[in-house]
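Accompanying notes for the structure given below.
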There are 2 protein chains.
Amino acid sequence: MLTNSYQEQEKLILQLNEIYRQMSPKFERCTGISQSRLELLHKLMEVDEINQTELRHQVNIDSAAVTRHLKQLDEKGVVTRRKNPEDNRVTFVKLTEAGRKKIERYCKEKETFIKQVFKGISDQERAVLSDLLTRVESNVKDIEDEQPIE
Amino acid sequence: MLTNSYQEQEKLILQLNEIYRQMSPKFERCTGISQSRLELLHKLMEVDEINQTELRHQVNIDSAAVTRHLKQLDEKGVVTRRKNPEDNRVTFVKLTEAGRKKIERYCKEKETFIKQVFKGISDQERAVLSDLLTRVESNVKDIEDEQPIE
DNA sequence: CCTCAATGATTGATGGGTCAATGAATGGAT
DNA sequence: ATCCATTCATTGACCCATCAATCATTGAGG
């Protein structure tokens, strides 16, 4: 039945949102840091030094947000920034030693958190989930931005 | 292999976030209204009149957010509010006629949107997805809020 | 050399969310 | 009847995200 099928799809969307909305604040409380910020820092763990544009693309958040995060992290002594001497428009970002230490601890918390999220879900089921989410993600990417009503 | 399995789980979490972050703004542009606000209005479609606490529980967002949404929707003439004469603490909310008309149009847009999200995904696959998400959601709900680092 | 378009980073305005504090109304215990 | 805890709604302070505008720097073409 078409109606049923649609309502079920609607519910799925709600579920996706719900999971995100439940997970984000809990993640933050468990790990002591916001998800996007940890993502940012995680990237920085991998790369020694990186410029902000690159970082923005990797983490896929707005450059304004990147700037503001880094500014705060700089003030807290977690990262250092310096201009690229060969192009003064770009700024390089780098974790401090203290920063690295901290993040290792955050990542441990994150690991615990993630394990709980997938408790009782088998490898195979996660593979199925990953496949389905990938397809959903691709569909979302294809959606045209159209003119809103009015 | 444990490491692999963990990284895969990490990726799944990223995927969930990514989908939400991609979907929300697109949804908003396609339908012309934010997801949470439409959820709110959708509830109002079903119930004639409802008080804010009830609404908050149904939609599961903060009461401060509910208040602010309704205030704006009131100003736009989409909803009306009145005090419960039998208990002046609670306020009843109700869609106006104009509001209902508008929302019907929004819902049409939403339907188109949702169909695109699940394009190429069979009924059976959606059922599997629903089951997995439900279990993930339940796991998330069970996560204790612990003390953050530092 | 000088202009000008392009690029990277920043800032301001805005929207949406949370938590914590507050205000108003209620109802039960003494 | 009065006090007090509770409940609902609201407000203020804050965080985080986006978009659009701006600033500084660069490099290419006239």
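Letters A, B, ... mirror the listed sequences (proteins, then strands); counts begin at 1.
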With heavy-atom distances below 4.5 Å as the criterion, would you say the side chains of A:Gln52 and A:Arg81 are in contact?
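Yes, side chains in contact.
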
Indicate whether OP1 or OP2 belonging to [N] is found under 4.0 Å from a side-chain N or O atom of [X].
X: A:Lys83; N: D:dT25; value: no
X: A:Arg81; N: C:dT10; value: yes
X: B:Ser36; N: C:dG16; value: no
X: B:Thr53; N: D:dA9; value: yes
X: A:Asn88; N: D:dT26; value: yes

Would you mind telling me which of A:Val117, A:Leu133, A:Leu129 makes a side-chain contact (heavy atoms from CB on, under 4.5 Å) with B:Leu16?
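Exactly one option meets the side-chain contact (heavy atoms from CB on, under 4.5 Å) with B:Leu16, and it is A:Leu133.
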
Please tell me which of the listed nucleotides, [options], lies nearest to the side chain of [X]?
X: A:Ser34; options: C:dT10, D:dC16, C:dG16; result: D:dC16
X: B:Thr91; options: C:dT26, D:dA9, C:dG17; result: D:dA9
X: B:His69; options: C:dA9, C:dA25, C:dG16; result: C:dG16
X: A:Gln52; options: C:dC19, C:dA9, D:dC16; result: C:dA9

In this structure, which one of B:Phe118, B:Phe27, B:Tyr106 forms a ring pair (Phe, Tyr, Trp, His ring centres under 6.0 Å) with B:Phe113?
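Going through B:Phe118, B:Phe27, B:Tyr106 one by one, the ring pair (Phe, Tyr, Trp, His ring centres under 6.0 Å) with B:Phe113 is satisfied by B:Phe27 alone.
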
Please name all residues satisfying salt bridge (charged side-chain N to carboxylate O under 4.0 Å, His left out) with A:Glu39, sequence neighbours left out, ordered by chain then number.
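If we apply the salt bridge (charged side-chain N to carboxylate O under 4.0 Å, His left out) test to A:Glu39, skipping adjacent residues, there are no hits.
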
Does a donor on one side chain sit under 3.5 Å from an acceptor on the other, for A:Gln15 and B:Thr134?
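Distance-only check passes for A:Gln15 and B:Thr134.
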
Atom pair OG1 (A:Thr96) and NZ (A:Lys102), whose distance is rounded to the nearest 0.5 Å:
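Between atom OG1 of A:Thr96 and atom NZ of A:Lys102 there are 8.5 Å.
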
Please round to the nearest 0.5 Å and tell me the distance separating atom OG1 of A:Thr67 and atom CG of A:Asp62.
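Those atoms lie 8.5 Å apart.
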
5'-most by nearest nucleotide on DNA chain D - A:Arg89 or A:Arg37:
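Closer to the 5' end of DNA chain D: A:Arg37.
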
Rounded distance (Å) that lies between atom [atom2] of [N] and atom [atom1] of [X]:
X: B:Tyr20; N: D:dA17; atom1: OH; atom2: C1'; answer: 10 Å
X: B:Leu70; N: C:dG17; atom1: CG; atom2: P; answer: 11 Å
X: B:Glu39; N: C:dG16; atom1: CD; atom2: P; answer: 14 Å
X: A:Glu28; N: D:dC16; atom1: CD; atom2: C1'; answer: 9 Å

Does the C:dG12 base have a donor-acceptor partner in the side chain of A:Arg68 within less than 3.5 Å?
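It does, because a donor-acceptor pair links the side chain of A:Arg68 to the base of C:dG12 below 3.5 Å.
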
Any N or O donor-acceptor pair linking the side chain of A:Arg21 to the base of C:dT18 at under 3.5 Å?
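Side chain to base: no pair below 3.5 Å.
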
Output the residues of residues 54-67 of chain B in contact with DNA chain D, where contact means a heavy atom of the residue under 4.0 Å from an atom of the strand; sort by number or write none.
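Close to the strand are B:Ser63, B:Ala64, B:Thr67.
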
